Amino acid sequence: MNLWNKTSERTLMQGDYRPSIIEKKWQKIWEETGTYRQYFRKKKYYVLDMFPYPSGAGLHVGHPRGYIATDVIARFKQLEGYGVLHPMGWDAFGLPAEQYALKNKLHPSVSVKKNIATFKGQLAKIGFTHDWEREIDTTDPEYYRWTQWIFLQLWKKGLAYESFDPINWCPSCKTGLANEDLEQGKCERCGSTVEKKPLRQWVLAMTRYADRLLKDLESPELRWSESIKDQQRNWIGRSEGVEMVFPIAGTESELRVFTTRVDTVFGCTYVVVAPEHPLIDVLSADISNLEEVRKYLKRAASKSDLERTELAKEKTGIKLEGIEAVNPFNGERVPVYVADYVLGSYGTGAVMAVPAHDERDYEFAVRYQLPICNVVAAYVRMTGACAPLEGKETTSKDCVTAFIKHPTEKKYLVLRWPDGHSVGFVGGGIETGETLEAAVSREVVEETGFRNFSITETLLPHLYGHGYKPRKDVNCHDHDTFFLIQLNDLERKSSEEDTGEHAAVWMEEDMVSEKITLDHHRFVWKRYLEVQRTFCEDGILVNSGEFTGLTSAEARKRMTVWLTKERLGKKKVNYKMHDWTFSRQRYWGEPIPLVRCDACGVVPVPEKDLPVLLPKVKSYEPTGTGESPLAGIAKWVNTVCPKCGGKARRETNTMPQWAGSCWYYLRFIDPKNTKALVDKRKEAKMMPVDLYVGGTEHATRHLLYARFWHKFLFDIGVVSGEEPFGRLVNQGLITASDGRKMSKRWGNVVNPDEVVADFGADAFRLYEMFMGPFGQTIAWNTDGVVGTRRFLEKIWKLQGKVSKTASRVSNREMESLVHQTIRKATVDIEDFKFNTVVSSLMVLVNTFEKQVSVPISQYRVLLLLVAPFAPHIAEELWSRLGNTKSIFLAKWPEWDESKILTESVSIAVQVNGKVRTVLTVASGTDEKEVTRLALADANVRTHLAGRTPRKIIFIPGKILSIVV
RNA sequence: GGGCCAGUGGUGGAAUUGGUAUACACGCGACACUUAAAAUGUUGUGCUGAACAAGCAUGUGGGUUCGAGUCCCACCUGGCCCACCA
């Protein structure tokens with residue numbers, strides 16, 4: 001690298017390409033001219049980066065990857081004639097900023113300013129089109145006044161409410177956290193184990209928007225990756241079920257449980273409540289082992305979430321002696337347990353336990369020796385790869401196969417029937433009083449035409465649920481336990497009844513293991529036997545009173561109707577997502593604009609008095625008491641009630657760090673507006689964001705919160721659309737060359753400033769785009785930058801070959817290549833396939849180099865294509881061609897399909913699947929002619945070795961395949 | 001434990017979506033220029049071969065196909081997200 005640096009300096013001395021001079025020159029000119037923006041033109045394009053938190057460490061080479069991509073797009077769209085909005089700002093409130101300030105003994109307002117300056121300096125060197133006139137800093141009172149304003153609107157609509165429920169508390173960060181801020185029960189920031197702490201909190205009723213947040217993910221305007229959408233769906237975690245009542249026998253009390261599987265209710269053998277459940281207190285008089293229960297509760301409470309998750313395999317609980325719950329469906333009395341595997345925060349905090357059909361309940365039941373009652377029978381369905389049947393043409397890929405092993409010999413009977421004709425609901429006969437065995441027999445006969453068999457007992461209990469008992473003695477690695485059906489008359493086949501719809505054939509064991517993927521089926525059985533001792537899928541109801549014989553789905557419907565009619569329950573939708581815990585007990589955040597008056601209660605700060613300024617104080621360490629450090633500032637806290645003028649106290653909690661980023665994209669549109677957070681007309685013109693680029697780590701926080709706020713702003717008429725972000729593209733991580741994340745801690749950070757100093761900003765930008773697919777994680781390698789630098793130098797040197805007189809038609813191949821490259825660049829930039837764009841530009845330049853001269857028109861095209869990636873050199877060369885206006889005021893070139901040469905194509909000739917020669921023929925040459933040429937080819941003739949072709953496949957323009 | 005994604009030369013990666021695998025770049029070798037080195041240029045570079053002969057090669061094993069990096073099945077490895085959500 002140093003070597004390169006020296007030599008590049010020498011190159012400068014020779015008057016060659018000098019990024020250090022050129023780039024400074026153009027960066028200055030662009031700054032002065034405002035980079036030719038016209039936002040409110042007819043065609044707008046809003047391209048946005050997830051704005052950074054300006055950390056003290058500054059940028060490393062991984063950060064700009066997304067910014068370079070958006071800059072390429074912004075410049076490309078500008079060349080295409082759009083009015084491009086491409087702003088940048090700082091998300092500077094929050095814990096990281098505060099912790100950084102504490103550590104460096106600075107006030108956060110000071111350190112934030114300092115860090116912003118560092119970031120801005122680093123970004124400036126890379127040559128972005130960011131419009132700094134629209135810069136946003138979330139900690140600027142003129143910005144957070146509107147964050148506070150939005151909070152007030154939420155409060156007014158009842159969407160911000162006070163809660164006293166226990167919340168997630170990080171003892172190290174000394175603040176409450178939202179559910180979204182946890183990672184496996186630990187604080188996402190510091191990794192401390194999070195505790196539950198009862199604390200007064202402001203909470204945003206995000207769950208009220210859950211359905212809309214979920215539904216609008218399907219909108220075609222939301223061009224997001226499926227994986228991000230999935231993460232959001234998962235996070236929202238909607239589940240439909242019923243809430244129903246289990247009365248407590250002999251009391252007035254009742255227990256409400258939520259379940260998605262009412263169909264298994266007849267299998268309920270006990271019920272469980274969470275340790276936090278109020279029922280325990282309500283019924284304390286009836287609980288005979290109250291002492292022990294209390295002890296358990298204490299233990300459960302002191303258990304960290306870590307223990308609750310990591311020791312999940314060891315479920316614990318205790319029976320509430322003296323009380324019993326009544327199953328509303330059959331009047332059966334079942335015991336009530338407290339166990340911490342039931343979450344207090346989800347559903348009703350109580351569940352009906354069906355060990356036969358729920359793995360968690362099963363585990364608990366085994367541990368506490370509770371009965372297991374199976375009420376849902378499986379139906380057999382084995383779908384897998386097609387078994388090749390002797391002498392039969394097999395076309396269907398999805399057909400159903402069953403393997404039955406010969407009891408004494410090494411062979412299998414393979415039963416096969418087409419897809420859609422699975423064995424079906426074995427057990428369907430129960431309704432008519434048929435035995436299960438009879439039902440299975442009937443199905444097999446009907447489906448396979450094979451009559452002489454009996455059913456082994458080994459598997460039946462597992463499959464059909466009668467007298468269900470987990471069988472630990474079954475060794476699933478033993479092939480003999482895989483059979484469902486045993487044939488009695490081994491020599492008979494169903495051939496005479498074989499209509500072609502189904503078939504049975506004997507196969508040798510070797511053949512089976514070699515030719516058929518028995519593994520798959522083995523795997524299925526294994527799941528039944530080992531992993532899934534409980535049957536958790538839908539099936540056919542058995543032992544379920546009047547509901548016996550129904551399918552699970554049908555039973556759920558009818559049972560819900562019954563419950564509703566009997567007033568014992570109703571349909572209910574639950575979400576995993578919680579309401580958003582919105583207050584933090586820290587200093588560095590937006591103050592919540594509410595005051596508490598003894599007389600009037602909670603009163604909003606009038607909008608005209610916004611912003612409520614964060615007081616500037618010397619000491620702002622968190623208290624750890626659950627009170628914000630602001631509470632200690634009497635001068636600030638004590639205020640006057642806006643309503644009655646009496647004594648009042650300010651709310652001292654602050655907003656979480658995610659508040660400011662919930663709406664910043666709106667402020668960029670109208671950053672200086674003092675009347676509204678955004679002018680309605682401008683908003684309607686510029687929204688939604690056309691392209692949003694950032695990392696996947698924001699999938700369930702920023703992107704969910706922002707959508708929630710946007711929908712709310714839509715509801716109160718502030719914005720014109722329901723969704724803020726149209727197309728979302730996620731950039732991949734750039735790791736250090738050792739494969740680890742770049743971090744001070746590892747000492748593997750590469751600063752973009754160094755790379756820019758050594759190779760120039762253009763080479764750096766090109767390399768980041770060239771190194772690999774944009775969405776992929778990739779390791780940084782500074783050695784690779786020389787490649788893009790060389791590429792730029794080649795473009796520079798091409799100046800000497802530019803000919804103003806060279807005729808445009810002088811070289812049709814060149815013309816064709818130029819048009820192909822335009823096409824490739826235009827299409828691939830749109831698809832974020834920047835690496836292949838750069839490759840094709842390199843091909844073009846390499847080809848130009850080999851020419852004696854390059855027509856000026858083609859050189860102009862090259863500069864335009866390169867400009868989004870390497871704007872400085874493009875601008876410089878453009879001006880050297882005599883242009884007086886910026887290259888970014890020029891027009892992106894269009895390609896002409898007719899200029900792309902297609903007269904001759906090369907056709908590969910394969911003999912038995914192997915390429916033996918490549919023919920170059922005029923396009924449109926017909927099969928006959930190509931075949932003739934191919935057969936005349938010496939190499940082809942050698943490989944044909946005199947044999948006559950059995951079959952010839954011809955794909956025009958591509959391939960001729962000869963089969964002998 | 002569940003879900004999603006990936007695995008191609010010494011390295012980063014291409015491959016028109018089932019049709020000539022390894023484009024482009026790094027690195028490395030040879031040559032030219034040079035007193036010399038660097039830079040630059042020319043050229044070579046998947047592996048086995050003396051070979052522009054012939055094989056063998058896209059994590060492993062099977063399958064479908066005239067033809068598979070691409071489709072199907074199973075397995076192995078790595079990554080990301082979620083994780084007692086009833």
Side-chain angles (χ1 to χ4, degrees), chain A residues 3-4 6-8 10-11 14 183-185 226-228 230-231 234-235 237 239 241 257-261 264 272 308-309 312-313 315 339-343 345-348 350-354 358-361 363-364 384-386 388 394-395 397-398 513-520 522-523 531 574-577 696-697 699-700 733 767 770-773 775-779 781 783-788 790-791 793 797 824 835-836 838-843 846 849 906-915 917-918 939 942 950-953 955 957-964:
Chain A
L3 262 181
W4 171 265
K6 268 186 215 155
T7 55
S8 71
R10 189 174 341 227
T11 321
Q14 288 160 4
E183 258 173 20
Q184 293 172 42
E226 265 321 295
S227 97
I228 293 279
D230 265 347
Q231 282 185 47
N234 241 308
W235 190 265
S239 56
V257 305
F258 173 75
T259 179
T260 54
R261 289 296 305 273
T264 65
V272 196
R308 271 176 87 149
T309 41
K313 278 160 207 150
K315 289 192 170 39
D340 61 7
Y341 81 91
V342 171
L343 303 173
S345 55
Y346 182 77
T348 58
V351 301
M352 66 173 203
V354 186
D358 182 286
E359 282 179 58
R360 295 153 301 178
D361 298 341
E363 247 173 71
F364 191 80
C386 175
T394 53
T395 47
K397 280 190 177 176
D398 290 305
S513 50
E514 235 181 74
K515 295 212 107 183
I516 306 168
T517 54
L518 196 64
D519 285 347
H520 172 64
R522 202 173 287 162
F523 180 70
V531 183
N574 263 324
Y575 301 95
K576 276 201 244 181
M577 184 175 81
T696 50
E697 68 274 17
T700 52
L733 191 73
Y767 181 63
F770 177 67
M771 51 194 299
Q776 192 174 299
T777 300
I778 207 159
N781 176 15
D783 293 344
V785 191
V786 294
T788 50
R790 276 176 198 155
F791 166 68
E793 297 198 343
K797 280 185 221 154
K824 179 88 182 154
N835 54 334
T836 53
V838 178
S839 297
S840 65
L841 293 175
M842 285 171 167
V843 172
N846 290 345
E849 264 199 323
S906 49
I907 292 181
V909 179
Q910 296 185 338
V911 178
N912 280 349
K914 287 208 159 69
V915 178
T917 190
V918 178
N939 204 22
T942 320
R950 192 155 55 87
K951 202 169 170 187
I952 291 176
I953 290 128
I955 309 292
K958 290 194 168 147
I959 216 154
L960 182 84
S961 187
I962 303 171
V963 191
V964 290

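In the text below, chain A, chain B and the rest are named by the order of the sequence lines, each starting its count at 1. On a predicted model such as this, the values are computed, not experimentally measured, just so you know.
- Evaluation of the ring-ring contact (aromatic ring centres under 6.0 Å, His included) rule for Y767(A) yields W780(A) as partners, not counting sequence neighbours.
- Under 4.0 angstrom from either OP1 or OP2 of rC56(B) there lies at least one side-chain N or O belonging to K914(A).
- Applying the side chain to side chain donor-acceptor pair (under 3.5 Å) criterion to D230(A), with sequence neighbours excluded, gives R233(A).
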What N/O pairs connect the protein and nucleotides 51-54 of chain B at under 3.5 Å? Give each pair on its own line.
unit_1  : atom_1 : unit_2  : atom_2 : d
rA54(B) : OP1    : N939(A) : OD1    : 3.4
rA54(B) : OP1    : H943(A) : NE2    : 3.4

*asked:* For a quick check, with a 4.0 angstrom heavy-atom cut-off, what is the B/S/- contact string for nucleotides 44-49 of chain B, read 5' to 3'?
replied: ------

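- With the nearest nucleotide of RNA chain B identified for both T260(A) and K797(A), K797(A) has the one nearer the 5' end.
- In terms of the side chain to side chain donor-acceptor pair (under 3.5 Å) criterion, residue partners of T836(A) (sequence neighbours excluded) are, by chain and number, D828(A).
- Contact annotation for Q776(A): backbone-only contact, meaning every heavy-atom pair under 4.0 Å involves sugar-phosphate atoms and none involves a base.
- Applying the side chain to side chain donor-acceptor pair (under 3.5 Å) criterion to T917(A), with sequence neighbours excluded, gives D937(A).
- Contact of S961(A) with rC66(B) (side chain to base): a donor-acceptor pair of N or O atoms is detected under 3.5 Å.
- Judged as a side chain to side chain contact (heavy atoms under 4.5 Å, CB included), and not counting sequence neighbours, the contacts of A350(A) are L255(A), V257(A), V273(A), H277(A), T348(A).
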*Any chance you could list the contact pattern along nucleotides 20-32 of chain B? Use B for base contacts, S for sugar-phosphate-only contacts and - for none, protein heavy atoms under 4.0 Å, 5' to 3'.*
BS-BBSSS-----

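- Remark: K576(A) pairs with no residue by the side chain to side chain donor-acceptor pair (under 3.5 Å) rule, at least two apart or across chains.
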*Based on Watson-Crick and G-U pairs with both distances under 3.5 Å, what dot-bracket line describes RNA chain B 5' to 3', crossing pairs as [ ] and inter-strand pairs as |?*
(((((((..(((......[....)))((((((.......))))))(((.....)))..(((((..]....))))))))))))....

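- Where G347(A) and A779(A) meet RNA chain B, the nucleotide closest to each residue was compared, and A779(A) sits on the side nearer the 5' end.
- Evaluation of the ring-ring contact (aromatic ring centres under 6.0 Å, His included) rule for F364(A) yields Y270(A), Y337(A), Y341(A), Y368(A) as partners, not counting sequence neighbours.
- I778(A) comes within 4.0 angstrom of sugar-phosphate atoms only, judged by non-hydrogen atoms across all strands, and of no base.
- Residues satisfying the side chain to side chain contact (heavy atoms under 4.5 Å, CB included) criterion with I952(A), sequence neighbours excluded, are E927(A), T931(A), P949(A), L960(A), I962(A).
- Listed pair Y341(A) / rA86(B) fails the phosphate criterion, with no side-chain N or O lying under 4.0 Å from OP1 or OP2.
- Residue contacts for V963(A): at a heavy-atom cut-off of 4.0 Å it reaches the sugar-phosphate backbone alone, with no base atom in range.
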